Amino acid sequence: DLGDLFISVMEKPVKPPRLLAAIQEGLGVERSFISNTPIDTEELLLADEFPLNILVAEDNFINQKLILTVLRKMGYMPSLANNGLEAVSICRDNKVDLIFMDLQMPEMDGLEACQKIQGEHGDESPVIVALTAFAMKEDRERCLAAGMQEHISKPFRTEEIEQVIRTFT
Ligand code: MN
C-alpha cells in the first residue's frame, strides 16, 4: 500500500490549498494554522473588478501567447483574431469591450481595422488600444489619430495592460 510508504499520496492535478494542507500535515503543523494562511487563488482578480470581453488582434504567434497569457492570469478569457479582417468580423458577431490591436497584420492592418470597427459601431465601439512594435512618437500619434484610445509598445509590461484596463473601461 502506497500510504505506508509516503506521508501523503495525491492525484494530479494538485490544487495549491490541498498541497499546502498535505505539506503541513506531513510536517505536523496544526490544521488551524492552515485556514489562517492566505491562499493566492482567493485573491481578487482584475477580471472580477473589471469584467470585460477582450479581443486580441495579433498575427504573431509568440506575441499572441504573451498577451493571452497575461490576460488569462488576470482572469480574462480573451478572444483572438489573427488579422484585422477577423477582428472586424468578431466585433460584428460578439459584444467586445476592449481590443488590444497589433498594427502590422496580413489581410487588414490595425489602423484600417480600427476605423472599420468604429465606422460600424459608432458610440458602441469597443475601446481600442494599439499594441505595437513601433515606439516612435509619430506612431503613437498615428494610432490616436486613427481613433485608438491608447498605444502600448512591445515588449509591454503587465502593469501597462492593467493600467489600460483600469483607465479606459
Ligand atoms: Mn504583426
Side-chain angles (χ1 to χ4, degrees), residues 12-19 38-169:
K12 287 192 271 190
V14 177
K15 295 220 170 77
R18 178 78 192 87
L19 179 62
I39 292 159
D40 272 355
T41 50
E42 286 175 7
E43 267 176 33
L44 188 69
L45 293 166
L46 197 63
D48 296 324
E49 205 178 339
F50 301 91
L52 299 166
N53 293 318
I54 300 181
L55 171 65
V56 170
E58 167 68 64
D59 64 314
N60 179 279
F61 179 73
I62 302 290
N63 290 335
Q64 288 177 354
K65 282 276 175 201
L66 282 173
I67 180 73
L68 290 177
T69 301
V70 164
L71 291 170
R72 283 176 190 143
K73 276 188 184 158
M74 293 171 174
Y76 293 104
M77 298 199 301
S79 313
L80 175 66
N82 291 288
N83 58 59
L85 213 54
E86 281 185 21
V88 171
S89 162
I90 288 172
C91 287
R92 278 184 196 140
D93 300 335
N94 303 274
K95 185 189 170 290
V96 176
D97 305 305
L98 173 63
I99 306 176
F100 288 103
M101 182 93 82
D102 181 27
L103 281 200
Q104 288 193 308
M105 293 184 284
E107 309 292 338
M108 185 186 287
D109 69 34
L111 292 180
E112 196 184 337
C114 169
Q115 287 173 328
K116 193 129 180 83
I117 289 166
Q118 291 182 334
E120 289 183 13
H121 301 272
D123 290 345
E124 305 282 290
S125 281
V127 170
I128 303 178
V129 175
L131 203 59
T132 121
F134 301 99
M136 309 278 285
K137 193 163 170 278
E138 303 88 84
D139 291 309
R140 182 188 165 80
E141 281 160 8
R142 218 153 51 96
C143 291
L144 300 184
M148 293 180 172
Q149 271 79 7
E150 187 52 279
H151 169 281
I152 296 176
S153 52
K154 292 182 272 198
F156 62 84
R157 290 178 299 116
T158 303
E159 298 76 51
E160 294 177 288
I161 302 296
E162 180 173 344
Q163 192 57 49
V164 157
I165 290 171
R166 289 185 179 280
T167 308
F168 292 99
T169 59

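This structure is a prediction, so every number in the text was calculated from the model and none was measured. First listed ligand is number 1; within each ligand, the first listed atom is number 1.
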K.L.:
Give, for atom CG of Leu46 and atom CG of Asp48, the distance between the pair rounded to the nearest 0.5 Å.
P.N.:
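Reported value, rounded in 0.5 Å steps: 9.0 Å.
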K.L.:
So does Lys116 pair up with Glu112, basic N to acidic O under 4.0 Å?
P.N.:
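Judged by the 4.0 Å cut-off on N to carboxylate O distance, Lys116 and Glu112 do not form a salt bridge.
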K.L.:
So does Gln104 have any N/O/S atom less than 2.8 Å away from the Mn ion (ligand 1)?
P.N.:
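Yes, Gln104 qualifies, because one of its backbone or side-chain N, O or S atoms lies under 2.8 Å.
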K.L.:
Under a 4.0 Å threshold between the charged nitrogen and the carboxylate oxygen, would Asp139 count as salt-bridged to Lys137?
P.N.:
no
K.L.:
If you measure from the Lys or Arg side-chain nitrogens to the Asp or Glu carboxylate oxygens, is any gap between Lys154 and Glu160 under 4.0 Å?
P.N.:
no
K.L.:
With carbon and hydrogen excluded and only N/O/S kept, which atom of Asp102 is nearest the Mn ion (ligand 1)?
P.N.:
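The atom in question is OD2.
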K.L.:
Measuring from the Mn ion (ligand 1), name the closest N, O or S atom belonging to Asp59.
P.N.:
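Of the nitrogen, oxygen and sulfur atoms in Asp59, the Mn ion (ligand 1) lies nearest to OD1.
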